[in-house]
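Worksheet for the structure shown next.
What's counted below: heavy atoms across the whole structure, side chains too, no hydrogens, waters or symmetry copies.
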Amino acid sequence: MNDNLNIATSAPARNALSGLPQRLVADGVAEQAAVEAALAAARDDAGGFVSQLVRSGGVSARDIATAASAEFGVPLLDLDAVTVDPDIIRVVNDKLLLKFRVLPLFRRGNRLFVGVSDPTNLQALDEIKFQTGMMVEAIVCDEDKLQRTVTTLLEQVDNQMPIINEDEGIELDGLELGNTDDDIGENISRDDIEDAPIVRFVNKLMLDAIRRGASDIHFEPFEKMYRVRMRVDGVLREVTQPPVQLGGRLAARIKVMSRMDIAERRVPQDGRIKLRLNKARAIDFRVSTCPTLYGEKVVMRILDASQAMLGIDALGYEGFQKDLYLAALAKPQGMILVTGPTGSGKTVSLYTGLGILNRGDLNISTAEDPVEINLQGINQVNVNNKVGLSFAAALRAFLRQDPDVVMVGEIRDLETAEIALKAAQTGHLVLSTLHTNDAPQTLTRLIDMGVKPYALATSMSLIIAQRLARRLCQNCRELLDIPADALRKEGFPEEAIANGLRVFGPRGCDSCTDGYKGRIGVYQVMPVTDEIGRLIMAGGNAHDIADAAKRNNIWDLRRSGLAKVMSGLTSIEEINSVTIE
């Protein structure tokens, strides 16, 4: 088992480091394990090493920039101390800015000075030189300030004049129009759908959502207004209100892009858009329409493979929780269940596990509704209940094809649960999800569905319950003065309070949203121990199982959340909003 685990989680060879990563380790700025993890996460993301390292939270952007400047003799610039002309950003194509995360700063004759976080990224400098025809010189900037400035300037330029067209910096796979005008409907003409401002507006919103790190875009028609909102870090925020009369044309344009029936506006529809930013990066949008009183509401869910495959170290597991997950993945059989509400990060946890297991010696098959992220080397099946391809049917087919690992998108009924548990008992590793509040309730929920207690006790290996909490902005978080009695009431350990517990709260700055930037997972990782197995067999309820887990020092969601507060990663208010005392 240990051999398998070591193979699954092995890092790049230590002597393979060079350039900036090598300098950071040599100077003690970053741990070698953190650097190797960032390199692995950025392997398919050109210019993304520094971004991944900063995102992991272990190294500050300022320390990286200082080390890079000293090592390579490149000037260091504090972007907060200068004002960048928004027009200079037009010199470099949007596609290159998104691809390499660089910022044109100023030009002197035929020389273009470009802000970068990694001066060893020669590919970025060469491509900008080729596109602009100018000599390019690098200036090192802090990664966080660099990204904030790029985003701000791009938004300013976009608001002045829509400069993005359908074939500049954006490519849509499989985009087709109907063959006749009759396909489009009586109120929307072909000219409306192909109207350049509508095309540019939709494309701009999609690119803006990617830049902001949004997870969803909502197009909402009302009687006297039309609203577009984006969900960033789990919170919906309004971004624009286009004229209400454009609602039908916007919905029609999105339906064309996602290959839906444009004439049908009476029933919900589902579709998909693949947006290719460059050769190395493509982003999928899962599109859903629903008829409302005043038109069709459209929701686009953004599925970014690079965000779903950050690596287990970036997800927020405590050390012992990560070890439990890796140990369960290393077993040849058993079931791992990930639970939580919609939007709690279950899919990312599952895909992370599949990424660890994705080796040439394993046959891995997944049944999903729908397939959210395409994974090379894994056999993925889209569930289609209309033709009889349910989770249970797909699972039966997998078991006839010599699988080692099976992933079922969701256990929704007794038939799927029984087949999955039987597979876990007969030499297969099974991963799946379920909608419950915490790990102990997952077991009782399965029993309520009709699963036999002995099947659960003998086949279940691990249950992970999770939530996503907004991460405090490390640039502007502020230390709070909270009385000890209030901390005790929240549930903080007495020992931590006695030792001068430091609790931070949000303040807000130019680089974050209301004091938060990004999200981090809060987890309850509960192995099904012998004691818990006996409780299941004896008909114990969720409270009995929770008490047994507590006796075995298994953290519940609340305790895990408080640990994140004590680490300065999030606030008490945020943990109170995502966990139940």
Side-chain angles (χ1 to χ4, degrees), residues 4 8 44 270 272 274 282-286 301-312 315 325-326 328-340 342-413 415-435 442 459-464 466:
N4 291 337
D44 298 324
D270 294 301
R272 206 177 181 101
K274 180 180 287 292
I283 294 178
D284 286 335
F285 289 76
R286 196 172 75 197
R301 170 157 287 190
I302 303 170
L303 308 173
D304 188 351
S306 65
Q307 297 297 316
M309 301 300 292
L310 294 176
I312 193 168
L315 299 186
Y325 190 16
L326 293 175
L329 289 171
K331 292 181 179 179
Q333 65 184 43
M335 176 176 280
I336 300 173
L337 272 182
V338 183
T339 77
T342 301
S344 60
K346 299 188 298 297
T347 299
V348 174
S349 287
L350 281 182
Y351 276 118
T352 300
L354 290 176
I356 293 171
L357 294 168
N358 191 10
R359 311 190 306 266
D361 60 334
L362 291 179
N363 176 20
I364 305 176
S365 297
T366 73
E368 305 170 62
D369 183 22
V371 174
E372 295 195 3
I373 303 294
N374 296 326
L375 298 176
Q376 186 72 26
I378 293 179
N379 308 290
Q380 296 174 275
V381 173
N382 253 326
V383 168
N384 187 348
N385 290 309
K386 293 180 180 178
V387 298
L389 182 56
S390 61
F391 281 119
L395 194 49
R396 287 196 193 93
F398 293 162
L399 296 179
R400 292 193 289 268
Q401 297 201 332
D402 185 32
D404 296 297
V405 180
V406 172
M407 194 269 273
V408 182
E410 183 181 350
I411 293 179
R412 296 176 178 172
D413 51 54
E415 183 182 18
T416 305
E418 288 180 336
I419 299 172
L421 288 168
K422 189 172 293 184
Q425 290 174 314
T426 55
H428 307 92
L429 182 62
V430 181
L431 290 77
S432 189
T433 70
L434 196 67
H435 286 87
T442 301
S459 60
M460 191 68 64
S461 298
L462 187 74
I463 302 173
I464 301 173
Q466 66 180 77

Under the rule for side chain to side chain contact (heavy atoms under 4.5 Å, CB included), what residues qualify as partners of [X], not counting sequence neighbours?
X      : value
Ala367 : Val383, Phe391, Ala394, Phe398
Ser459 : Leu421, Ala424, Gln425
Thr366 : Leu354, Glu368, Ile378, Gln380, Met407

Please report the interatomic distance [atom1]([X]) to [atom2]([Y]), rounded to the nearest 0.5 Å.
X      : Y      : atom1 : atom2 : answer
Asp369 : Asn385 : CG    : CG    : 6.5 Å
Leu329 : Ile356 : CG    : CD1   : 5.5 Å
Leu431 : Leu357 : CG    : CG    : 7.0 Å
Thr339 : Ile463 : OG1   : CD1   : 7.5 Å
Ile464 : Lys346 : CD1   : NZ    : 12.5 Å

- [ ] With sequence neighbours excluded, tell me which residues meet salt bridge (charged side-chain N to carboxylate O under 4.0 Å, His left out) with Asp284.
- [x]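 Result, salt bridge (charged side-chain N to carboxylate O under 4.0 Å, His left out) vs Asp284: Arg272, Lys274.
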- [ ] Can you sort out the partners of Arg301 under salt bridge (charged side-chain N to carboxylate O under 4.0 Å, His left out), two or more places apart, ordered by chain and number?
- [x]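 Testing Arg301 for salt bridge (charged side-chain N to carboxylate O under 4.0 Å, His left out), a comparison that skips the adjacent residues, returns Asp216.
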For the student: nearest non-hydrogen atoms of [X] and [Y], plus distance:
X      : Y      : answer
Ile411 : Ala417 : CG2-CB, 3.6 Å
Ala328 : Leu462 : CB-CD2, 3.8 Å
Ser461 : Gln333 : OG-O, 4.0 Å
Ala423 : Leu399 : CB-CD2, 3.7 Å

Task: Val338, Ile336, Leu337 screened by side-chain contact (heavy atoms from CB on, under 4.5 Å) with Leu350, the one that passes - done: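 Going through the options one by one, the only one that passes is Val338.
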Open item on the list: Applying side chain to side chain donor-acceptor pair (under 3.5 Å) as the test, list every pair that has at least one member in residues 396-406; sequence neighbours left out.
Closed with: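 Listed by first then second residue: Arg396-Glu415.
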Got a sec, which residues hit side-chain hydrogen bond (donor to acceptor under 3.5 Å, both in side chains) with [X], two or more places apart in sequence or on another chain?
X      : answer
Thr433 : none
Asn379 : Asn363
Asn382 : none
Ser349 : Tyr317, Gln466

Task: Side chain to side chain, Thr342 and His435, heavy atoms closer than 4.5 Å - done: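 Sidechains of His435 and Thr342: in contact.
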- [ ] With the side chain counted from C-beta on, respond yes when Leu429 and Leu362 share a heavy-atom pair under 4.5 Å apart, and no when they do not.
- [x]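 A side-chain contact is absent here, since even the closest heavy-atom pair is not under 4.5 Å.
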- [ ] Say whether, by atom type as modelled, one donor and one acceptor occur between the side chain of Ser432 and the main chain of Val408 under 3.5 angstrom.
- [x]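 Side chain of Ser432 to backbone of Val408, a donor-acceptor pair under 3.5 Å: yes, one is there.
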Task: Pairs meeting criterion salt bridge (charged side-chain N to carboxylate O under 4.0 Å, His left out) with involvement of residues 418-432, two or more places apart - done: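 Output for this query is empty, none listed.
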